[in-house]
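Predicted model only: the values in this text are computed from it and were never measured. Lettering follows sequence order; numbering is per chain, from 1.
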Amino acid sequence: MRIALAGNPNSGKTTLFNAITGKTEYVGNWAGVTVEKKEAALKSKFCAGEKDVRIVDLPGAYSISPFTGEEAITRDFVLSENPDVIINIVDGANFERSLFFTTQLLELNIPVVIAVNKSDVLKKRGNSIDFDKLSKALNCKVVPTTANFGKGLSDLMHAAIQMGKSNKGQKAPFGLENEAISDIERRKFISEMLVTTLDKKHDMSKVSISDRVDRIVAHKYLGLPIFFLVMWAVYAFSIEGLGGWVSGFFNDTLFGGIIPNAANSFFESVNLNPLLQALIVDGAIGGVGAVIGFLPLIMVLFFCLALLEDSGYMSRVAVLMDRYFKKIGLSGKSIIPMIVGSGCAIPGVMATRTIEDDNERRITTILTPFVPCGAKLPIITLFSMVFFPESSWVGPSVYALAFVLIILGGLVLKKMFVWESQSSFILELPEYKIPSLKHAVIQMFDKAKGFIIKASTIILVMNTLVWFMQAYGFNLQPVDDQGASILAGLGGIISPILIPLGFVGWQLAAASITGFIAKENVVATFAILLMAASEDALHLPGGVLSQFFTPVTAYAFLAFNLFTPPCFAAIGAMRSEMGDKKWLFRGLAFQLSVGYLVALIITQIGTPLIYGHLADSFVPAMIILAAYTVLILTLFKRADRKRELIGA
Amino acid sequence: MCYFTLLSLSNDMAKFEDKGLKIVYKVGDYMLLSKAKIGQKGEIIKVEGKEKTKKFLFSLGCSEGEEITLISILAGNYVVNIKDSRFAIDEAMAKAIVLAD
């Protein structure tokens, strides 16, 4: 039996889904959190003896005719995949509006059970619903629920499974033909029905506390500073605060000494082959450890983001950013993928689905990976610890730089590609709620689990490979000098391209390349390469990394790894959201150019500014810069000609 | 439920057609949402714009004959109450919603 969950955005479908399946899918307090369908088995305690009950969580929709991409997923599912039962989640706090979609679902001849969710909010407002009358009027079962606290769920699932077993269709309480007329008649039907079923005490058109908070956090002058303060607090707490402190212990004490020492003495006691021992200790433990050490930092980040997303603040940020994003041809909705992307770029890129206009969505998809994701935190932290131990500005500065690049990047893309931005900005503002600590803790451990799985699979395999490639030559014999290894050979092919950026050495090319598999690999690769060459810990201020960099080129290298295209998994997400190879190619070329040019500019301007002499690679860098200028101007001109042609 | 077709809209006059009957609203009879005062409640007499957007607004309950309240203007966006929910809409959209005064 397959039961689908459908309803308006932010009515609590995923919260209900998590409660009845035991999953930990992503929830948040804004419209459009779920952008794909998710399927899982119903917990056995809700099954009422029925075997194999599957629950399908669908993206929220205001109506059966889709306005945005994720709503289309819902329409396609309920119309063509024939679920046995639809549970229509109706938001008790937005009752009348939610019923519009209900009337459409009732016409599909699929049994519908209505869950009136957020019953607690309904009660708090002093409103009441006559569930029996409602059930009669709509010709289907109605169950009050509070998914947040697990209330009413057994009744709901019991009713749904009964309906599924009975195999009866659904008879709509009204007969309709022409859609254009019927939509208006639906409205009329609902408002007439509500006269007898809804007892409304609370006037929502009065200014509420939520509105007063909005007037401050989305204020035209105060809003932006408040937003930056909030984001700064989140990152300061993650990177410098609790997260950084625990990570420091992990890196210095646990993975810097205790674990490798214990492993070494254990392997020596069992007389393991020294090469195998080196593979395990230097390759696997060293590389993965260098990454796992940052786990606390990432956990704290996701904990804070979960609190933020649960509060209802995200929609306000979208309102606030709308006017700035309009200037670069986007709308306020584009900020949501970017904030989600600060955790991980993959859900960030997928969140672009909620944007209606195709071009706006593509540009947002290109710009979202510029926001440093959780996997890039280890790189940021490593470089600030080694090269800028005394200053706390490095972490926040890369986020500020990301913001600047998004705005500039948006402006350039707007000038480079011709399109008429017609999209309008409409966004629901959910009422604020006190974020749930339990939810944030669940999210945090869920993300931690994902991170450990990633570290013990893809990163471990990559590290083993990197260790092998730096220890062996092309003749598959162990080498004494890393410079003769396979990795040095491969890195050497790419490293000339990086010279204009001030990055000298095959090691840097190798680290950057492994970063495309997963960004944490940049750190892991350095750990492996340098552990084999030196005894010093990687994370010490002024440590072994400083043989490759000055602080200026270190910052440039950091920027290069943050702003070039994201990891392969995120590129895959970009591909599916773009739905077009040409746009994917444009996006990647753009990201590669931005990362390259930003690093080049930092090195070439920073070096004379701070050290009083030109960087060694000044001449080739200027040639490349000139070439890029010509290219960009040509593309601008081409776009201008196109604009003249279509008279835009 | 009324069903209007907007014939013309100028600074001081809006002409509508309702089932063949011509209705003229003079200044004072109608206004754009963008000109409403904060806290003002009004009945929507016309929503203009792209068909797709209009349809979307309809599904939210923002259509002819419905009530809308302007709650605040935040950073250039208009926060309105439609059927117990808050929505933020941009200025262009606020100019496309015509209210009876």
Applying a criterion of heavy atom separation less than 4.5 Å, what residues of residues 221-230 of chain A form contacts with chain B? none
Starting at CD1 of B/I71, measure out to OG of A/S210 and round the result to the nearest 0.5 Å. 10.5 Å
Name the option with the most non-hydrogen atom pairs under 4.5 Å to chain A; the candidates are B/I89, B/I68, B/L70, B/N77. B/N77
Do the side chains of [X] and [Y] get close enough for a salt bridge, i.e. N-O under 4.0 angstrom?
X      : Y     : answer
A/E431 : B/R86 : no
A/D183 : B/K55 : no
A/R323 : B/D90 : no

Just wondering, do [Y] and [X] contact through their side chains at under 4.5 Å, heavy atoms?
X     : Y      : value
B/K52 : A/F67  : yes
B/K83 : A/M204 : no
B/L74 : A/V217 : no

At a 4.5 Å cut-off on heavy atoms, which part of [X] comes close to chain B: side chain, backbone, both, or neither?
X      : value
A/S208 : both
A/A318 : neither
A/D203 : side chain
A/P430 : neither

Of all heavy-atom pairs linking B/T53 and A/S424, the shortest is CG2-OG, 3.6 Å
What one should report as the nearest heavy-atom pair of B/A88 and A/V319 is CB-CG2, 3.5 Å
Residues that A/Y62 engages under ring-ring contact (aromatic ring centres under 6.0 Å, His included), provided they are two or more places apart: B/F56
Chain A contact via [X] - which portion, at a heavy-atom distance below 4.5 Å:
X     : value
B/I73 : neither
B/Y78 : neither
B/V80 : neither
B/A92 : neither
B/T69 : side chain

In sequence, state the C-alpha distance, the side-chain angles, and the governing distance for A/N94 and B/S85, and then conclude on side-chain hydrogen bond (donor to acceptor under 3.5 Å, both in side chains). CA-CA 6 Å; A/N94 296 301; B/S85 314; 2.6 Å; yes
Between A/I426 and B/L60, is a side chain to side chain contact (heavy atoms under 4.5 Å, CB included) present by the stated rule, with each step listed? CA-CA 10 Å; A/I426 315 167; B/L60 304 179; 4.0 Å; yes
Look at atom NZ of A/K124 and say whether more than 12 heavy atoms of other residues, nucleotides or ligands are closer to it than 6.0 Å. no
Return each pair, listed once, that meets salt bridge (Lys or Arg N to Asp or Glu O under 4.0 Å) where at least one residue sits in residues 212-221 of chain A; pairs must be two or more places apart or across chains. A/D214-A/R316
Between A/K200, A/R125, A/R97, which is the residue that forms a salt bridge (charged side-chain N to carboxylate O under 4.0 Å, His left out) with B/D84? A/K200
Top of A/A218, A/G332, A/S205 for chain B proximity - count of heavy-atom pairs under 4.5 angstrom: A/S205
Taken in chain and number order and not counting sequence neighbours, the residues that satisfy side-chain hydrogen bond (donor to acceptor under 3.5 Å, both in side chains) with A/E71 are none
